[in-house]
There are 2 protein chains.
Amino acid sequence: MARKPNALRLEEIYHKIEAYPGKRAASLARLLGLNRSEVTRSLPALEERGWLVYEDDRGGLYPFDKANSQN
Amino acid sequence: MARKPNALRLEEIYHKIEAYPGKRAASLARLLGLNRSEVTRSLPALEERGWLVYEDDRGGLYPFDKANSQN
DNA sequence: AAAGCTTGTTGCAGGGAATGCAACAGAGGT
DNA sequence: ACCTCTGTTGCATTCCCTGCAACAAGCTTT
């Protein structure tokens, strides 16, 4: 089934968060053709790699890098 | 057996190369408690992650970052 | 109030990939 | 010759990533 290496998966997810800041996990999953669980389960792994993700009170996801404290 | 995630494994290997530049794969394997094959098989994965490793003609391994061309 | 839809989470099973072991050939030293 | 150490590789085992399905909670629309 040609599973992609984990690193590329995480990179895709983070890039989608950058491209669509504020989207919820389910929306990103549809954009990426992934299962919802895959996206939510990847968030901790993203942070471990230094790609911090901020989550607002409605589940919207935003990139949290570049020392941007207005998120 | 508490196998560590692949990313941490690769990081450990590269840190050992930094700590003991010039050591061969078998030496690093002993220092890390790993099999020799694990270290040599990890070298391509290290490069894919941007942790370039230089290998001299006797098998000694060196970090190859920081634009250091005297390696 | 219901019914419907979407969300995030979680348990489970399948499968791909990482790992360890052992054997091998080659290089070097005694 | 022998012995040791090295890197490589084939194979079997095991890990854990992934998708699926079910669930509860929240929200909107009847």
Side-chain angles (χ1 to χ4, degrees), chain A residues 1-66 68-71, chain B residues 1-66 68-71:
Chain A
M1 298 187 74
R3 187 173 69 157
K4 295 186 182 175
N6 187 262
L8 294 182
R9 265 295 168 74
L10 298 179
E11 215 168 327
E12 286 182 348
I13 293 173
Y14 188 73
H15 287 344
K16 279 295 177 190
I17 295 175
E18 289 180 313
Y20 299 90
K23 287 287 184 185
R24 305 176 72 172
S27 300
L28 298 169
R30 283 190 299 269
L31 290 171
L32 289 163
L34 302 177
N35 198 281
R36 277 173 289 143
S37 56
E38 176 63 12
V39 175
T40 54
R41 280 198 270 231
S42 295
L43 296 181
L46 281 175
E47 310 223 342
E48 289 176 6
R49 285 167 176 263
W51 296 329
L52 301 183
V53 174
Y54 171 74
E55 184 176 355
D56 66 21
D57 55 353
R58 289 194 326 289
L61 300 175
Y62 304 82
F64 195 83
D65 50 4
K66 296 148 190 163
N68 187 350
S69 61
Q70 51 185 341
N71 279 339
Chain B
M1 297 186 76
R3 188 174 69 158
K4 296 186 182 175
N6 186 262
L8 294 182
R9 263 296 169 73
L10 297 179
E11 215 168 328
E12 286 182 347
I13 293 174
Y14 188 72
H15 286 345
K16 278 296 176 188
I17 294 176
E18 290 180 312
Y20 299 90
K23 287 287 184 185
R24 307 176 73 171
S27 300
L28 297 169
R30 282 190 299 270
L31 289 171
L32 290 162
L34 302 176
N35 196 281
R36 278 173 289 142
S37 57
E38 175 65 11
V39 175
T40 54
R41 280 198 271 232
S42 295
L43 296 181
L46 283 175
E47 310 223 342
E48 289 175 7
R49 285 168 176 261
W51 297 328
L52 302 182
V53 174
Y54 171 74
E55 183 175 355
D56 66 21
D57 55 352
R58 289 193 327 290
L61 301 176
Y62 303 83
F64 196 83
D65 52 2
K66 295 151 190 162
N68 187 349
S69 60
Q70 52 185 340
N71 280 339

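All chains are named by letter (A, B, ...) in the order of the sequence lines, taking the proteins before the strands, and each is independently numbered beginning at 1.
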A:Ile13 CD1 to D:dG19 C1', straight-line distance once rounded to whole Å: 14 Å

Separation of C:dA18 P from B:Leu10 CG (nearest whole Å): 9 Å

Whole-Å gap separating P (D:dT18) and CG (A:Leu43): 13 Å

B:Tyr62 and B:Tyr54 aromatic ring geometry - parallel, tilted or perpendicular at 30°/60° bounds: tilted

Straight-line distance of A:Leu61 CG to A:Asp56 CG, nearest 0.5 Å: 8.0 Å

Interatomic distance, A:Leu52 atom CG to A:Tyr14 atom OH [nearest 0.5 angstrom]: 7.0 Å

Nearest-0.5 Å distance, NZ of residue A:Lys16 to NZ of residue A:Lys23: 11.0 Å

Report all interatomic pairs (protein N or O, nucleotide N or O of nucleotides 21-23 of chain D) with separations under 3.5 Å.
none

Value in whole Å for how far the C1' atom of D:dC16 lies from CG of B:Leu8: 14 Å

Near-strand residues of residues 21-31 of chain B, defined as heavy-atom separation under 4.0 angstrom from DNA chain C: none

Spacing of CD1 belonging to B:Ile17 relative to CG belonging to B:Leu31, to within rounding of 0.5 Å: 11.0 Å

Whole angstrom value for the distance that separates C1' of C:dT7 from CD of A:Glu55: 11 Å

Check: B:Glu12/B:His15 side-chain N/O donor and acceptor closer than 3.5 Å: no

N or O in side chain of B:Arg9 less than 4.0 angstrom from C:dG20 OP1/OP2: yes

Rounded interatomic separation in angstrom, taking CD from B:Glu12 and P from C:dA18: 16 Å

Mind listing the side-chain donor-acceptor pairs of residues 32-45 of chain B below 3.5 Å, one per line with the distance, residues two or more places apart or on another chain?
unit_1	atom_1	unit_2	atom_2	d
B:Asn35	OD1	B:Ser37	N	3.0
B:Asn35	OD1	B:Ser37	OG	2.9
B:Ser37	OG	B:Arg41	NH2	3.4
B:Thr40	OG1	B:Arg36	O	3.4
B:Thr40	OG1	B:Ser37	O	3.2
B:Ser42	OG	B:Glu38	O	2.7

Interatomic distance, B:Glu38 CD vs C:dG20 P [rounded to whole Å]: 5 Å

Between C:dT7 (P) and A:Asp57 (CG): distance, integer Å: 17 Å

Shortest non-hydrogen contact from A:Arg24 toward A:Arg58: NE-O, 3.0 Å

